[in-house]
Student: 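Below: one structure in structure tokens.
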Amino acid sequence: MIPEIGHFALVMALCLAIAQSSIPLIGASTNNANWMAVGRSTAIGQFLFLLLAFVCLAYSFVVNDFSVLYVANNSNTALPIQYRISAVWGAHEGSLLLWVLALSGWSFAVAIFSRSLPQDLLARVLSVMGMISIGFILFTLATSNPFDRLFPAALQGRDLNPLLQDPGLVIHPPMLYMGYVGFSVAFAFAIAALISGELDSAWVRWSRPWANLAWVFLTIGIALGSWWAYHELGWGGWWFWDPVENASFMPWLAGTALIHSLAVTEKRSTFKSWTILLSIIVFSLSLLGTFLVRSGVLVSVHSFASDPARGVYILGFLAVVVGSSLTLYAWRAMRFSSTSQYEIVSKETMLLVNNVLLIVAMLTILIGTLYPLFEDALGMPKSSVGAPYFEAVFVPLMLPLVFMMALGPVAKWRREKLGELLNRLKVLAALAIVVGVVLPLAIYGNNTVMTAVGIAAAAWVILSSIFAVVRLTHKRDAKTSLLKAYAKVPKAMYGMLLAHFGMGIFIIGVVFTSAFSEQAEQAVKVGEKISVAGYDFILEGVGPVKGPNYDAMRGSIRVEKEQQLLITLLPEKRIYSVQRNAMTEASIYTGVFADLYVALGEPVTRNEWGLRVYYRPFIQWIWVGCLLMALGGIVGALDRRYRAQRKTKPVNA
Amino acid sequence: MATKRKQRMIFVIVLISGFAAATALALFAFQKNLLYFYSPSQLAEAGITQDQLFRLGGLVVEGSVVRMPDGITTQFSLTDLQGHVGVQYTGLLPDLFREGQGIVAQGKLNADGLFVAQEVLAKHDENYMPPEVAEALKAAGGEHPVSIPKTTVK
């Protein structure tokens, strides 16, 4: 009964989405307030029905209802409760349901928090989101209904893929989807602007925080995915340039370009049609990401579902969305004219260069990711584009971007004197170079050109962000106290500088991890040791342990530095009882300056085991940097400027 | 008006130079970093030189896996049911590496025609068959000893 209620709720949500997509739009063009008001109520109703559907599916998992095919395929009575809940989005059907739930959650939020929006803008925004919703609910119902019954019911479920039984995977997909889908709001705002032909600074103030928040979720989602890959895949790496990772990274890069371009459009009322185009691009990339992941056309360690019918559907939907929005763009974008001017050396130009670099980086990744598909289509010999390609194109593009990250925030709008700007930053530049040369030498007694450049770049970004904070109040008069002057600075500015600072921390992590990691793979007898980076890893023994739904062999490895016991690591080799998959569960000592990582291999003889040991310096800085970036995004979205509008404008709802 | 035009010029110049740089970078990187995929039977005709890095895919031949005395080096044979290639790998094998399983290895040939793998990839699903391997097997005309799940279920 419960699954049927869920199925019914899904159908109801579809009906409401159809109403949401059409009625307010007609209302907006005929200026009918009642029809426009339908947008809000249907958006709220749609969200509630999708929530109901989601709860029904989660309930089926919790009570182990194996008469539901999807539950039978992805759960098991022995599966711990938290993984039974996360199993809801552990495979294709459920993750789609999560996708549409996230989408309607964003519409819901827009409906609730945008009371001050002009009625016709809100109506158009909600109806565009309704259209996207139709596409995805229809997709779910037609090709991937999670409520399909299994008759006769299975006695026991096939269990969740052991790789997904991990805390990182409990929150990674929801975050990532919130990010992907969140850009639908910016997209809907862009389409609404194209339809109405109006794009003023009020429009930007409304759409900016939404783009910011979507970007925050995407940042956290990607970081969590990388963290999961690091400690679950057992290879000690944090980024593999895998198609599925790239699928989430492309909208991130374009989204980063978008939030910068939105800043220019708000402050200087220029880059208007570019901002609109970016909004379309970012959401299209999110859809492309969904297509790549969900269709399984690309080989990847992460993509789990593959079904041609599904791929064709999403591809068709993608074509419709991108095609129609670009057509609309080509037809209407010329209406938006810039009202301000700028010189070659100005903040505007720097942000333009930032945008071009980000988009170009995104395109090179797009080419690399889709290349195997072209090859396939053209019947060329099979090949693969791996990490070396991506590193070769990505790093050279990021260096100038990082260089600009220090200039942009302290440059003036409209016109800047290059000499003056460089003069302001020359001490920082010198300092950054010194840090780049000295820091690796001081810590590791070793340095290379690449490492020095990388660390100098990180220092450059970090120092300039701090410098920019100091400079925020340099214009204050004698009467204002320093504290007051700082309180007056808009939050968006602090958010931006915090995010840039986070980027610097991230770069430090990346550079040190890639330059000074050490590792060893070796067979060791009980009592023997492996030495890596000054640490001794002594195998004390290996014994069986029993988990809730697996049996494991657990190794006990004593880690010593200069004969001092540091920690005992307990890596496992698990065999999950249902799927009979072997799983390496690494054991990690997490430190501020380095991680020690041990994975257990196969037994060689009775008391001799293969061990894999990694020393990963500064690796946690990568994720801390990402979190700081996300935090910066949140601080920026909270800027009072975006809410003040609500108070001054009369509410006419 | 002059500044307007100048502005548009800046925009266009920055865009074009950005994309030109990217194209050059991408082409250059492609040339250097593309990895080709071969099946064991294609390998004989491919005429691969010793220092060429490529990917090799096939099924691990039953009974061919031998561990060397160092405890960490493994030798095994890969087949597409037409040709065979000996493979050597030093390091811990992925969890799902086993006889009869379809895998992809990345590495180079040595002087004796042995494929020295730097990396061995096997996916975390016992039914999984790398698509390249499946295709190579089909091309070689063999029957599948391992069933490939049609769709779904993770």
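Below, chain A is the first sequence line, B the second, and so on; all start at residue 1.
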Student: Looking at every heavy atom in both A:Pro396 and B:Leu25, which two are closest together, and how far apart are they?
Tutor: CG-CD2, 4.0 Å
Student: Out of curiosity, A:Ile367 CD1 to B:Leu27 CG, how far, rounded to the nearest 0.5 Å?
Tutor: 8.0 Å
Student: What pairs with B:Ala24 under side chain to side chain contact (heavy atoms under 4.5 Å, CB included), at least two apart in sequence or on another chain?
Tutor: none
Student: At a 4.5 Å cut-off on heavy atoms, which part of A:Phe271 comes close to chain B: side chain, backbone, both, or neither?
Tutor: side chain
Student: Should the heavy atoms of other residues, nucleotides or ligands under 6.0 Å from CZ of B:Phe19 be counted, would the total exceed 12?
Tutor: yes
Student: At a heavy-atom separation under 4.5 Å, does A:Ile359 approach chain B through its side chain, its backbone, both, or neither?
Tutor: side chain
Student: Identify the residues of residues 63-70 of chain B whose heavy atoms come closer than 4.5 Å to a heavy atom of chain A, ordered by number, or report 'none'.
Tutor: B:Arg67, B:Asp70
Student: Can you see which heavy atom on B:Leu92 is nearest to which on A:Gly610, and at what distance?
Tutor: CD2-CA, 3.7 Å
Student: Which atoms of B:Thr73 are under 4.5 Å from chain A, going by heavy atoms: the side chain, the backbone, both sets, or neither?
Tutor: neither
Student: For A:Leu357, which atoms come within 4.5 Å of any heavy atom of chain B: side chain, backbone, both, or neither?
Tutor: neither
Student: Taking all atoms of both residues into account, what is the closest heavy-atom pair of A:Tyr389 and B:Ala29, and its distance?
Tutor: CD1-CB, 3.5 Å
Student: Which answer fits A:Trp609, side chain, backbone, both or neither, if we ask what part of it has an atom under 4.5 Å from a heavy atom of chain B?
Tutor: neither
Student: Which one wins on heavy-atom pair count under 4.5 Å against chain B: A:Glu391, A:Gln522, A:Glu348?
Tutor: A:Gln522
Student: Just give me the residue among A:Val353, A:Val356, A:Asn355 that pairs up with chain B most often, heavy atom to heavy atom, under 4.5 Å.
Tutor: A:Val356
Student: Look up atom CD1 in B:Ile72 and atom CD in A:Glu521, then write down how far apart they are to the nearest 0.5 Å.
Tutor: 5.5 Å
